[in-house]
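Remarks on the structure that follows.
Each chain gets a letter, A, B and so on, in the order the sequences are listed, and its residues count up from 1. In this text the structure is predicted, and so the values were computed from the model without any measurement.
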Protein chains: 2
Amino acid sequence: MPKIKLDRIDRKILALLQQDGRMPNNEVAERVGLSPSPCLRRVKALEESGVITRHVALVDPAAVDLPVNVFVSVSLERQVEERIDAFEAAVMALPEVMECYLMTGDADYLLRVVVPDLASYERFLKEHLTRISGVANIRSSFALKQVRYRTALPLGHLVE
Amino acid sequence: MPKIKLDRIDRKILALLQQDGRMPNNEVAERVGLSPSPCLRRVKALEESGVITRHVALVDPAAVDLPVNVFVSVSLERQVEERIDAFEAAVMALPEVMECYLMTGDADYLLRVVVPDLASYERFLKEHLTRISGVANIRSSFALKQVRYRTALPLGHLVE
DNA sequence: GCTTGGGCAGCAGAAAATGCCAAAAATCAA
DNA sequence: TTGATTTTTGGCATTTTCTGCTGCCCAAGC
């Protein structure tokens, strides 16, 4: 995917679609000050070039009984390399892991895990996380409240 | 919003739309084994009841020059209450804060911040985070790699 | 019998895709 | 610098596909 140059209009389009992915092209065009066809061309280009990766529906976690967020710091045994790939592959197979980052600092990985309740988390720990080979240490921190959760990246840092 | 009972079909619908928010109702219907009209009724009900909160386009962070994820642990001075609200309000005003959680354990808050580079993060720290009143301690951890990032909640925990 | 939920059919409105033309911007050359 | 060519991008109009929506009826479960 070639690095696309994004001008002011592209960023406006992205901002709009990040906010409402179903906004009809007509409205997008109007809001960015373009006529529908060049606007549609831009949107399609943004999709095909991978700038827009996908369109999704967001679901309320509470409504599907997944109100608990747990952040898990994982340290691996010091034999890196193969362990790394194995761990990441194992993590990718766990549906309750919403996010996973390879980190600098004390722990190797930071995960965000969603579960219905503490009991479920305990089960998740015992039956899945601790069974991944190479895991040396696990530290769990629970979120009392999700103050903010956004999927829309801030785009004001390039122009406004 | 009354707590909606979600049956197997509802969960299937949610799973599909979490994956592809633009899937036409016809295809959703077919995949869940329903005819279009009752399927559409369900989708609309899920939207109106708030189970589906919104539809969004996801953007590649690298493509908009925001490749750096920083996790920030923030501790507040011990006078809670008013500080809490003030801090949360301040955080909500910072566009680079993608996520913010009130935590148990050592730190009070955990933030995920996206920035173009380390210099930008330094500016973010100096000009914004440290200026929020009541902040006692800040600890930053940098992500070397985003191993996983999903917006689709796992729904298999209720039935499959 | 009543309530809930699914199916069928048809409608209508909109939205997206095309093709063509015009204008502006960038490039290059003299 | 200037001018011309090339490339890019916007605009208009049309067409065609679809998608969502409505109403009604029927079946199943309570």
| message | Strictly under 4.0 angstrom, non-hydrogen atoms only: write out the protein contact profile of nucleotides 13-21 of chain D, one letter per nucleotide from the 5' end, B, S or -. | response | ------SSB
| request: Kindly determine whether A:Leu14 and A:Val51 satisfy side-chain contact (heavy atoms from CB on, under 4.5 Å), including the steps that lead there. | output: CA-CA 9 Å; A:Leu14 291 178; A:Val51 178; 3.7 Å; yes
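The pair A:Arg148-B:Glu96 fails the salt-bridge criterion, with no side-chain N (NZ, NE, NH1 or NH2) lying under 4.0 Å from an Asp/Glu carboxylate O. Looking at B:Lys145 and A:Glu88, a side-chain N of the basic residue comes within less than 4.0 Å of a carboxylate O on the acidic one, giving a salt bridge. Salt bridge status for B:Arg139 with B:Asp106: absent, with no side-chain N to carboxylate O gap under 4.0 Å.
Rounded to whole angstrom, the span from the CD atom of B:Glu30 across to the P atom of C:dC8 amounts to 13 Å. What separates CZ of A:Arg42 from C1' of D:dT8 is a distance of 10 Å, to the nearest Å. The interatomic distance linking A:Leu34 (CG) with D:dC12 (P) rounds to 11 Å, in whole Å. In this structure, the CG atom of A:Asp7 is 7 Å from the P atom of D:dG10, given to the nearest Å.
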Taking only nitrogen or oxygen atoms into account, show me every contact under 3.5 Å that the protein makes with nucleotides 20-26 of chain C, one pair per line with its distance.
none

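B:Tyr109 and B:Ser73 share no side-chain donor-acceptor pair at under 3.5 Å.
Smallest separation of non-hydrogen atoms from A:Ser133 and A:Arg83: OG-NH1, 3.3 Å.
For the side-chain contact (heavy atoms from CB on, under 4.5 Å) test, residues two or more places apart in sequence or in another chain that qualify with A:Thr151 are A:Leu58, A:Tyr149, B:Val56, B:Leu58, B:Tyr149, B:Thr151.
Checked against the 6.0 Å centroid criterion, the rings of A:Phe142 and A:Tyr121 qualify as a close aromatic pair.
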